[in-house]
Amino acid sequence: MEKNKEKHMLAPIPMHQQPALNKELSGFFGKFGRGSNVEVRYLQSVITHEFLSNIKLIEEIDGSDKWNVKDLFQRNVDHDRVENELVPYFKDKSKVKFFPPLTLVLLPMNSNNVVSELKKAKADSEKEQGVEYKTYGDEEYFKFYDCTAGHQYSYVKWNDEKVKVVAVDGQHRLTAFKSWANDPEGLGDLESMSIPVVILGFSKFEEGPETPELLDVVRSTFVYINSKAQKINESRRILLDDESVNCVCTQEVVQYAHSNDQKDFEELEKDKMPLMMVDWRGEEKEGKPQPIPSSIFSVRDIKDWLHEYILGDPETEREVSRYIIPRLFLDDEVPSFNVSNFPLSHIDSKTVRENFKEYLLPSVMYVLQNIAPFKKYISELRGLQGKSIEDAGSAARHAFKWVCFGKSSFDTLNRDAVEVEYSHLCSKFSDIKEDNIPRLLSRDIGIRAIWSSFSILKEEVDDFSNTTKNWKEFSKWYVELVNQVIEDDWFESFEDNPKANIKFLTHIAFSPSGQIINYKPSAVDKGLGALISMLILKKYGDIGLTMVVWDNLKDSLSPTIRRGFRSKNMADLNTDFTGSMAEFRTELNKRIQKDIDAWISDFEQFLDI
């Protein structure tokens, strides 16, 4: 039997080959419902590395460069991704392998062109060596053999001189496997690996009605697979990713709340962050987020805090060495971690998870649970939960489960009663938020400024004291001071903020017209995060520490302030300046610098330094 044949059958199939149909693959036969006068039959199977050479990408078909643009439906292969991500993943013995089947199509060819007109598959019966098959196809291109003893004993044959087997989904996986198969260092595990495939054959259902051309059908299949089928949402992806250090740590923050809210209300630790504060499901409707009505931040937000302010970027060697490894105490492991441990293996993921839970999670949760507005919000949520259960009993218990875990269709109670209670709760959440959480703290910029200033001060205080403060102890120090800053209304809206605060918040957190600005994660360290750090140090009262940190942060704040003053002075000069462009620029820079110097002088006076 030829080397490139695949045999995985439990019932015998005939050894005799029709002269034209010289390639064969066995597996489980099936068919999809027809549409547009097109029938789709398929075979689910597995292949080995020896079969890979039979599969083509469109770009590998001679003459495909002359096809119409609309027929070149495959996206180009990202060879960097193949060589730097997929091949190492497949070869890595520490990783559990899983990947969906390659989707292949039998494409009849006439020279270098696809046979565009679909043919009606000839249906017949054949008996070989006592085994009966229903057949669909012809002797020229391809034929499916559906075993009457069981679909799992079926196979498909094709003529490789007239048919190309083309991958319409999984071209990056296919390219990675082909690259591995040609590796001069050898096949390794690929030699024994079974690669799942689904091979499709299209044919006309009946003569007469108008039928789309073959490539139109193949292209629509590709589009559906790659765009119509629902993709995993970002929150779920983060909660399932065990290779990213920031995702693993995010999971533990959510799990902290999740494990508490699984208890009956009477057994809950009422001061812990409720799961309903986190939009952890990340549900969407028609592409738009549908957050949990009681949530004030998302799973993506938590990951961003960790990535931007606490742990850093695991793809950056400097941040791995400076932040991730020491802050998770991974240098104490035997063997100690280094940049080669990222992305995480299954074993390393466990280590990171346990170290985060021991060293950083208590600190993170202390901040989230003791920032004064959040603490009050938690208390109000639990109070509402208790009052609702007292008034509505089991209906309220189920309604809170819906809030936390999503609506269920398996409730045994009166669903209408639960719906009423759920709607009542949702209407209350917005009021509780508005009454307890200042405007900026309810927005991305506010909570990012908390974590930005937390990270800035942890590093600055440690450097100044030449010690490494325990994270939980630092959290207590930080929260006491930042609550005083919050009490002074620095996180209120533009309209509700005292004028003395607005003087320094303008160009940092607000535009002159009151719009929130500089809220992106990477901008907060040079904006509101740096400002809040200095306000905290003013409350702390250590002049030496305040002066040292201000010397470091002044350079961070200056470019942010400059942008604001540049826009303001540009608008002023454009209305009344007369002179050359060079004179305009000179005057502009002069005014900007004057405003910056005045801002810095006023702020230093405010800080008493």
Show me, pair by pair, the donor-acceptor contacts under 3.5 angstrom made by side chains of residues 443-451, not counting sequence neighbours?
{"unit_1": "Arg448", "atom_1": "NH1", "unit_2": "Tyr519", "atom_2": "O", "d": "2.6"}

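- Salt-bridge check for Asp189 with Lys91: failed, with every basic side-chain N at 4.0 Å or more from each acidic carboxylate O.
- Taking 4.0 Å as the cut-off between side-chain N and carboxylate O, Lys162 and Glu140 count as a salt-bridged pair.
- When the side chain to side chain contact (heavy atoms under 4.5 Å, CB included) test is applied to Ile347, the partners found at least two apart in sequence or on another chain are Ser345.
- Remark: Glu308 engages no residue in a salt bridge (charged side-chain N to carboxylate O under 4.0 Å, His left out) (not counting sequence neighbours).
- In this structure, the side chains of Phe144 and Leu106 come closer than 4.5 Å at one or more pairs of heavy atoms.
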Check the pair Thr148 / Lys134 against side-chain contact (heavy atoms from CB on, under 4.5 Å), numbers first and verdict last. CA-CA 7 Å; Thr148 58; Lys134 293 180 181 179; 4.1 Å; yes
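- In this structure, Phe405 and Trp280 have perpendicular ring planes: the angle between them is above 60°, well past the 30° mark.
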When the side chains of residues 334-344 are checked against the rest of the protein, which donor-acceptor pairs come out under 3.5 Å, sequence neighbours left out?
{"unit_1": "Asn338", "atom_1": "OD1", "unit_2": "Ser340", "atom_2": "N", "d": "2.8"}
{"unit_1": "Asn338", "atom_1": "OD1", "unit_2": "Ser340", "atom_2": "OG", "d": "2.3"}
{"unit_1": "Asn341", "atom_1": "OD1", "unit_2": "Asn338", "atom_2": "N", "d": "2.8"}
{"unit_1": "Asn341", "atom_1": "ND2", "unit_2": "Asp348", "atom_2": "OD2", "d": "2.9"}

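- Considering NE2 of His172 and CG of Leu174, their distance stands at 11.0 Å, rounded to 0.5 Å.
- In this structure, Asp242 pairs ionically with Arg353, as a charged nitrogen and a carboxylate oxygen lie closer than 4.0 Å.
- In this structure, CG in Asp78 is found 10.5 Å from CD in Glu83, a value given to the nearest 0.5 Å.
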Run the numbers on Val156 and Phe29 for side-chain contact (heavy atoms from CB on, under 4.5 Å), then give the verdict. CA-CA 9 Å; Val156 63; Phe29 172 82; over 6 Å; no
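- Side-chain atoms of Asp169 do not come within 3.5 Å of backbone N or O of Thr103 as any donor-acceptor pair.
- A side-chain donor-acceptor contact under 3.5 Å links Ser298 to the backbone of Asp301.
- Taking the six-membered ring where the residue is Trp, Phe90 and Phe177 present parallel rings, their angle staying beneath 30° rather than reaching 60°.
- Side-chain atoms of Gln44 never come within 3.5 Å of backbone atoms of Val198 as a donor-acceptor pair (strictly under, hydrogens ignored).
- In this view, Thr250 and Ile238, Val299, Ile302, Lys303, Leu306 satisfy the side chain to side chain contact (heavy atoms under 4.5 Å, CB included) rule, not counting sequence neighbours.
- Asp261 places a side-chain N or O within donor-acceptor distance of the main-chain N or O of Leu275, the cut-off being under 3.5 Å.
- Looking at Lys143 and Asp138, no side-chain N of the basic residue comes within less than 4.0 Å of a carboxylate O on the acidic one, giving no salt bridge.
- Under a 4.0 Å N-O distance rule, the pair Lys178/Glu60 qualifies as a salt bridge.
- A cation-pi arrangement is not found for Lys120 relative to Phe205, the charged atom failing to lie both closer than 6.0 Å to the ring centre and inside a 45° cone about the ring normal.
- Partners of Ser455 under the side chain to side chain contact (heavy atoms under 4.5 Å, CB included) rule, at least two apart in sequence or in another chain, are Tyr309, Arg327.
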